[in-house]
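Read the structure below first, then the notes.
Note on naming: letters A, B, ... go to the chains in the order of the sequence lines (proteins, then strands), and numbering restarts at 1 for each one.
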Amino acid sequence: MTLALGATLFAAGAVGLTPAGSGTGADGGPADTVTAGARSGSPEAMRERLRRLPEDAPGWASLGMAYVQQARTTADPATYVKAESALRTSLKVQPADNYAAQTGLGALAAARHDFAGALDWGRRAVTTNPSGSAAYGVLADAHTQLGRYEASYRDVQRMTDLRPDTSSLARASYTWELRGDVPRARALMKRALDDASTPGDKAFTRAHLATLAQESGDPRTALREAGQGLRTAPRDPQLLEARARAHGALGDSGRAVADYTAAVAVTPLPQYVLGLGELQQSLGRADLAEEQYEVLRAQDRLRAAAKAVPDVDAILFEADHGDPRRAVRLGRAAVANRPFIAVQDAYAWALHRAGQDARALPYADRALALGTRGALSHYHRAMIERALGDPAAARRDLETALAIDPHFHPLHASAARSALQRIDTDT
Amino acid sequence: MKTPSARPRTRRALDHSLLVLGAGALATGLGALTLAPGVSAASSHREAPLIAGDPRADNTDVYAFTSPDRSDTVTLVANWIPFEEPNGGPNFYAFADDARYHIKIDNTGDGRPDVTYTWRFRNIVRDDANQFLYNTGPVRTLNDPNLNFRQVYDLTVTDHGRTRTLLHDAPVAPSRVGPASMPDYASLRDQAVRNAPGGAKAFAGQADDPFFADLRVFDLLYGGNLSEVGQDTLAGYNVNSVALQIPKKDLALRGNPGRNPVVGIWSTTERRGVNVTDSRAKDTDGGWRQVSRLGNPLVNEVVVPLKYKDAFNSISPDQDRTVQPVVDKVYDPILPKLIQKVYGIPAPKTPRDDLAEIYLTGICKACGPIQADLNAHSLNKDANPGQLVPAEELRLNMAVAPTAKPQRLGVLAGDLAGFPNGRRLTDDVIDISLQAVEGAAQTGKLVPALAAGDKVNANDLPFGARFPYLALPHTKAVNSPSTGAKRSSVLHPDNAVAIGGLGALLLGTGGFRVWRRRAAKV
């Protein structure tokens with residue numbers, strides 16, 4: 001067991017054991033591992049109030065939503081349980097017209113990847129209160145993940161019309177990012193940052209500004225954005241990941257490993273663990289990579305035991321570092337549950353890795369159908385096209401991938417360059 | 001709380017996972033154990049924030065009164081960003097530079113603004129390399145090179161569709177970050193008071209929050225009582241204020257405050273919208289969106305039902321009468337019924353025409369049961385009776401002379417220069433509102449059982465004798481023992497972030513409106 005993994009264990013324990021709401025302790029204590037997002041909510045103060053006023057339905061709804069928001073950054077599943085309990089209590093105290101609880105339950109369903117359920121709660125909430133912007137956010141998120149993009153744009157339009165604030169502007173940014181309009185996405189995310197008033201929202205918007213730069217091949221800007229965010233939220237995992245990727249692209253692998261390791265230590269989300277593992281692998285440290293992959297395998301066993309639907313990272317990991325046929329099975333389940341472009345992309349890649357390229361191509365096309373500037377998706381499709389004997393199409397997609405971001409992936413970016421060379425040599 | 005069904009399933013999953021995992025992987029499994037099931041379901045799906053508090057856009061209070069030292073003028077004050085912790089370290093508090101702040105005046109009584117004052121702020125960062133520093137040394141002037149971050153504003157007035165600039169690049173009084181950085185803050189405040197054309201004065205910047213109340217009064221709405229009151233929840237905190245002293249003739253219908261002394265006042269904030277659906281549109285934003293509105297104090301607590309608060313915030317007063325459930329609640333409010341349940345004080349008979357006068361029409365003998373001709377638009381001699389509509393505005397009769405010794409209970413104490421005839425900084429609007437919903441304005445008698453109200457009768461700092469009258473910002477951290485104030489547990493500022501975050505979270509639900517207006521905000 002290495003230091004990195006040890007740190008993971010320790011931090012994981014700390015996060016898991018820290019009582020919700022105590023993320024306000026002095027710096028350096030266990031509570032310090034809780035991210036900026038968690039710190040910003042104070043469920044403790046709300047619970048105190050609810051002890052005095054147990055009939056306060058909006059108070060219960062607020063507490064539930066606070067837990068959902070907290071779980072967004074800490075990914076502690078126990079928080080979802082607390083959220084559900086508070087939200088159900090709110091509905092019990094006030095069954096009618098309780099749009100706050102309905103919105104909270106929608107957000108909770110989405111966080112648990114029950115997007116049909118989220119849609120249902122969101123619709124109830126906007127029926128109760130057609131002027132509440134948050135409920136349109138629930139609808140937008142669900143429609144997006146269910147692949148109903150036009151509906152999601154309309155939801156976000158309504159949400160921003162009601163209230164152009166950080167939460168709606170961040171979603172407006174995302175709609176343009178999905179459609180490949182990066183300048184508009186950047187401008188709106190900048191506005192979302194300017195309007196952000198909690199440390200969690202600031203960290204979120206900074207991290208996405210960094211990612212927008214990173215995924216447009218501008219790691220210097222990404223480094224600056226992530227660095228600025230980390231000045232006020234030094235342990236925010238999404239900012240640490242963003243800075244790790246920027247360091248990686250700029251060739252500073254030592255700092256990249258350090259930041260990834262720190263992100264994993266705060267919250268071992270699969271995407272951080274996979275990022276660290278693949279970075280280690282790209283540096284020729286197979287044993288260190290394998291340690292991260294072992295964590296991913298353990299996480300996936302737990303997921304399977306809980307009968308949860310697999311997510312993109314699990315599919316990609318299985319396709320690239322495990323059993324491609326199993327990746328196909330995971331992908332099939334995921335795409336049925338959630339036909340979002342990232343899932344289409346992962347399924348396409350799983351099919352490719354399993355040698356089913358003809359079946360893979362339509363999914364790869366769908367992953368890019370919105371015009372998203374996604375280097376990895378272009379690379380995935382290129383490799384499918386090459387396997388199908390279409391070097392011209394493969395070349396186009398490889399060139400596009402590398403033009404968008406020459407450092408799009410620690411392993412695949414160099415594979416893309418080699419593939420391009422081989423196509424050039426062959427033709 | 002009921003144990004939700006998800007728990008056993010998770011528990012089973014965890015137990016099962018221990019069996020699944022080999023002994024060699026046990027340590028890894030323990031790490032994953034605390035987090036993994038949720039973790040693997042939480043990745044790769046972008047979860048943007050859902051409840052973004054916006055304290056820089058949400059109005060907290062509006063004041064309007066005849067200036068005591070310049071009685072030919074009216075002073076208007078509007079506040080944003082409550083619960084600003086003094087000495088916030090790296091925190092300082094700025095107006096939004098992508099919002100429009102308005103104070104609107106209706107002098108015809110049609111619910112539409114006739115005169116609109118608009119503030120727009122601009123940030124100036126002196127040293128980009130040090131943009132995280134508010135100041136780099138002692139600040140003695142608003143232009144001091146040591147003041148790294150500054151704001152300036154343009155103040156315009158729109159009157160009958162024409163917009164004129166009253167002030168351009170006027171300086172904002174900075175956040176008071178402490179005696180070492182700002183050894184003479186009073187001088188900085190003075191420098192931020194500007195003369196505007198036509199005898200007006202303007203101020204924008206940080207000030208002590210003039211609102212005083214024990215917000216736990218509103219526990220009444222949620223099954224509580226008044227047993228825990230007596231602490232000024234706002235004591236020690238600062239706000240960002242805009243203030244304007246303006247000749248009465250500039251506000252009055254036909255410029256004639258003698259014939260037309262009544263004006264309705266409210267404040268709004270607008271944020272720039274967004275175009276999401278049309279990729280061909282050149283206009284990347286979608287116009288301006290009103291996100292907040294405030295006229296009468298506590299209207300959101302006393303009158304507007306929860307599910308209509310968002311709608312109420314987005315509309316203009318001339319549309320108020322179209323939201324029938326809100327109008328219904330003015331005539332049949334919930335608060336007196338709750339008080340009856342808790343204290344056995346009989347709720348006044350409905351429909352509450354007296355409250356409709358206070359909130360929707362203004363007070364006049366012909367308007368309803370309150371026997372006074374005080375501040376209804378119908379008292380304006382040039383008002384067109386056919387235009388008058390019920391609309392929620394803070395109404396001020398500018399002809400009422402200022403009182404030498406203002407009574408905190410205003411009109412209820414026979415002091416006609418106070419709330420609900422406009423609102424002075426010293427008016428105890430919590431106690432007045434409590435008494436008013438119990439019918440005191442109609443009967444002319446205070447309800448003795450509620451005479452103590454929230455037991456907070458005055459601001460923690462005295463107000464000034466000249467414009468902008470607001471007390472200087474506090475400098476002692478609220479939770480510092482030297483203030484001697486014991487904070488209520490709800491608001492205990494273990495850290496400034498918690499307060500902010502709490503507000504942010506409550507905000508989105510549109511829930512506890514006091515919080516939205518006062519605590520929330522972030």
T175(A), part contacting chain B, at a heavy-atom distance under 4.5 Å: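 The answer is the side chain of T175(A).
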Please classify the contact between V138(A) and chain B as side chain, backbone, both or neither, with a heavy-atom cut-off of under 4.5 Å.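 Both backbone and side chain of V138(A) come within 4.5 Å of chain B.
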Given a strict heavy-atom distance threshold of 4.5 Å, which part of A96(B) is in contact with chain A: side chain, backbone, both, or neither?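 A96(B) has no heavy atom closer than 4.5 Å to chain A.
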Results of side chain to side chain donor-acceptor pair (under 3.5 Å) for Q151(B) - residues two or more places apart only: N123(B)
Not counting sequence neighbours, which residues clear salt bridge (Lys or Arg N to Asp or Glu O under 4.0 Å) with D194(A)? List them please.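 Salt bridge (Lys or Arg N to Asp or Glu O under 4.0 Å) check on D194(A) returns K190(A).
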Pairing donors with acceptors under 3.5 angstrom, does anything connect the side chains of S133(A) and D310(B)? no
So which residue, L296(A), L162(A), D161(A), T205(A), ends up with the most heavy-atom pairs under 4.5 Å with chain B? D161(A)
Between R297(A) and D300(A), is there a salt bridge with N-O shorter than 4.0 Å?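 No, no charged N to carboxylate O under 4.0 Å.
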